[in-house]
Trainee: 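I am attaching a structure below and will ask some questions about it afterwards.
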Amino acid sequence: MEEKHEKFKKPYDFVATEPRIYEAWEQSGYFNPDNLPGDRTEAFSIIMPPPNANGRLHAGHGLDMTLKDIVIRFKRMQGKKALFLPGADHAGFETQVVYEKRLEKEGRSRFGMDPKQLYEEIYAFTLENKKSMEDDIKRLGTSCDWSREKFTLDPEIVTQVQQTFVKMHEDGLVYRGKRTVNWCSKHQTSLSDVETESVEETTPFYYLKYGPFTIGTVRPETKFGDKYVVMHPDDKRYTSYKQGDTFDLEWINGPITATVIKDEAVDMEFGTGVMTITPWHSQIDYEIAQRHGLDMEQIIDLRGKLLPIAGEFEGMKIAEARPKIVEKLKEKELVVRVDENYKNVVKRCYKCSTMIEPQVKDQWFVSMEPLTQLVIDAVERDELIGILPDYEKKILLHWMKNSIDWNISRQIVWGISIPAWFKGEEIRASIESPGEGWTQDPDTFDTWFSSGQWPLLTLGYPDSDDFKTYYPTDLMETGADLVFKWVPRMIIFGLYLAKQVPFKQVYFHGMVNDAQNKKMSKSKGNVVSPIDLTQTYGADALRMALVVGTPAGSNIPLSEDKIKGYKHFANKLWNITRFVLENTEGADANAPLNDADLALKAEVDALARELTENLEQYRIYLAAEKVYHYAWDRFAAVILEESKPILAGSDAAAKASRQALLLSLLTTTVKLLHPFMPFVTEEIYQSLPSKSVDFLMVESWPHA
RNA sequence: GCGCGGUUAGCUCAGUUGGUAGAGCGCGUCAUUGACGUUGACGAUGUCGGGGGUUCGAAUCCCUCACCGCGCACCA
């Protein structure tokens, strides 16, 4: 016994303890719900949002893992068949971008590389990162079932993703279409709307003389082929012009013939109420051209350079060409005036900020309307999940009602290949080649096409035992930045394939910022690594700092002072334990409690009830704060102090009662704290004189 | 343009269904070789953004104004 207490005489050594405890947990097998002790009938499942396997974990992942781990440990202790299923995402475009930067540093480029070789290189890179990412997850104390881990490129996952595509094709929910797509000319791929960001810029707005009209544009470089002039049919200023009228005018590179088109898409209030159209490089113009069966011509190539239609400007990049074109227009006296303060919203690639060039391309699209309708119907039937914070539900529904068809094909190698085959004009969707003469679509899926099916894929949809046991999952806890990218797609696929919303509760956490609540970014140099923090303060301290006082949705200022405070707290628990063990040597843990001690026992029971309620309602931040205050301000500061005279006194019955109480309170306290600070509480539990199970992790949650 | 959030102590933020203002860090005074290198006690600083309303009672509910921040958006 004496030896046992020795370790408590030194400060708590989390650096040595935490990895040792994690290993012991892993070896116990208890991360796997199949191995949990007792008769567990009720399942509780959480699917981990698979981190991108292209780097180390960042602070946001720290919060991500912590919140879910708190919940799963709580449920496990409550006697549930608790599954926390980990995974990793190949993260298509994101990883390809990371790898391309690396190639750039080495003076190489993906362009001109053999696609197979590029794929192999990125594959090796990803596997390496996946390993370190898993180590990071473990370092945080995440109690997930590694035996069930899934990777988005596991063969059975890939097959299922492709099967979904084939099924959707059969159901008419995906189609091959020539449409305007968001084209990034640096990365040479199309992007979905959520992969672009809209940035407001002040750009000169040019009013140009177009025959008898004045038209406006911020993009003179696209105007070479404009041969249709469009106005609203009700615009009284232009009643003398009829649909189909033609007239000649002098344009940038010489005389052209223009045709009048009347279309209600034109805003009479804007500018002169007259516009020319560039269908190949503008969504709205494309739609007008489609309605009227107009010609469309490409002006800018996929590299962002002007085509021969630009005449002397052929081959120039936009940025270079624009001022020269304006100069020429001025010389030809075609510039009426310039508004230098015009504010314009432009789309940029969310990874490289290159201006998105709308291009008309053949791509695969998901027809969203019938799918979002499934979700809206489910809401109306009141089947939709609870969402925290509440306002995110409104945001999600707004997205559902306004989403446009989803471009799912990417012109990159790093991803799941699209099971579509071409032979001349014929198109087929099937996993195997339809036969001689068919070539497979070289494109890959948008990474959200696979991760959107994640709850189904990880559980072995459609007919595995796990799927039957754990679907729908209980909690989807993820970052608020995924409210459009990921969550709605999982709901859609869940309803479409499994006819059930894939989770009962969504919890969105905010972003982890620096101590001043400013976004962490490499350029600001304020990025902190969660792994470094675990080395300095311990994973337990980091976990507490991340959750105390941070409700769903709110951003989290992460200061080292706060983490340090919880490092001190871990040590406080250590010393509480030392005091209790030293003063209960040989005591009877079941001695009868006197009235005063029964009252103190009742107090901790009441706390347990409160925590249970808070955790069940996912008010994790409140539960963490309450148990912290109990341990420090009540148990250590008051109860232990009051105990000193009793333990030193001559009233043997009072002493025995107090000793039993202290053992009981210590046990209850480490149980209540375990979901939040799993390591130090487990280490303490291992030194308690009487344990009912081999690990605190599988102890029963206090209930009174 | 449409939508959403915030405004509480020096700093960063909590405050669950309305019931005499809280945490962490920081600050001040005193104590302490202590179960605690990482301790304890006590304390200071707040007209809870402005104004109005509901209520016995509002940081909390409603209206309005101001200021910050965020998301979405095909007005050329």
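Worth saying up front: this structure is predicted, and the values here are computed from it rather than measured. Protein chains get the first letters and strands the later ones, always in sequence-line order, with residue 1 at the start of each.
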Trainee: With sequence neighbours excluded, tell me which residues meet ring pair (Phe, Tyr, Trp, His ring centres under 6.0 Å) with A/Y241.
Mentor: A/F213
Trainee: For RNA chain B, report each stem as range with range, ordered by first number, or say none. Use Watson-Crick or G-U wobble pairs under 3.5 Å, at least 3 in a row.
Mentor: B:1-7 with B:66-72, B:10-13 with B:22-25, B:27-31 with B:39-43, B:49-53 with B:61-65
Trainee: Which is true for A/V230 with a 4.0 Å heavy-atom rule: it touches a base, it touches only sugar-phosphate, or it touches nothing?
Mentor: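 A/V230: no heavy atom of the nucleic acid under 4.0 Å.
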Trainee: Counting any heavy atom closer than 4.0 Å, what does A/A636 reach on the DNA or RNA strands: base, sugar-phosphate only, or nothing?
Mentor: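 The answer is base, as A/A636 lies within the cut-off (heavy atoms under 4.0 Å) of a base atom.
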Trainee: With respect to the side chain of A/R578, which nucleotide from B/rG15, B/rA73, B/rC36 is positioned closest?
Mentor: B/rC36
Trainee: Report the residues that fulfil side-chain hydrogen bond (donor to acceptor under 3.5 Å, both in side chains) with A/E613, sequence neighbours left out, ordered by chain and then residue number.
Mentor: none
Trainee: At under 4.0 Å between heavy atoms, what does A/V345 touch on the DNA or RNA strands: base, sugar-phosphate, or nothing?
Mentor: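 It contacts base atoms.
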Trainee: Taking only residues two or more places apart in sequence or in another chain, which ones pass ring pair (Phe, Tyr, Trp, His ring centres under 6.0 Å) with A/F74?
Mentor: A/W701
Trainee: Tell me which nucleotide among B/rA76, B/rC74, B/rA35 gets nearest to the side chain of A/M275.
Mentor: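 Output: B/rA76.
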Trainee: Which part of the nucleic acid, if any, lies within contact of A/K401, taking any heavy atom under 4.0 Å across all strands shown: a base, the sugar-phosphate backbone alone, or nothing?
Mentor: nothing
Trainee: Regarding A/N513, tell me which of base, sugar-phosphate or nothing describes its non-hydrogen contacts under 4.0 Å with the strands shown.
Mentor: nothing
Trainee: Identify each atom pair where a protein N or O and an N or O of nucleotides 25-30 of chain B are less than 3.5 Å apart, giving names and distance.
Mentor:
residue, atom, partner, partner atom, Å
B/rC25, O2', A/D561, OD2, 2.8

Trainee: Base, sugar-phosphate or nothing for A/S554? Non-hydrogen atoms, less than 4.0 Å.
Mentor: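 Sugar-phosphate only.
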Trainee: Taking atom P of B/rA23 as reference, at what distance in whole Å does atom CD of A/E625 sit?
Mentor: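 So the two atoms are 9 Å apart, to the nearest Å.
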Trainee: Reading nucleotides 4-9 of chain B from the 5' end, what letters show protein touch, with B for base, S for backbone sugar-phosphate only, - for no heavy atom under 4.0 Å?
Mentor: SS----
Trainee: With a 4.0 Å cut-off on heavy atoms, is A/E641 in touch with a base, just the backbone sugar-phosphate, or nothing at all?
Mentor: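 Base contact.
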Trainee: Over how many whole Å does the gap from A/I404 atom CD1 to B/rC74 atom P extend?
Mentor: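 About 6 Å, once rounded to whole Å.
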Trainee: Does the gap between the ring centers of A/W251 and A/F224 come in under 6.0 Å?
Mentor: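 No: the rings miss the under 6.0 Å criterion.
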Trainee: Would you classify A/Y621 as touching base, sugar-phosphate or nothing, given that sugar-phosphate means primed atoms plus P, OP1 and OP2, and contacts are heavy atoms under 4.0 Å?
Mentor: sugar-phosphate
Trainee: Looking at A/E340, I'd like to know if its CD atom is crowded, meaning that more than 12 non-hydrogen atoms belonging to other residues, nucleotides or ligands lie closer than 6.0 Å.
Mentor: yes
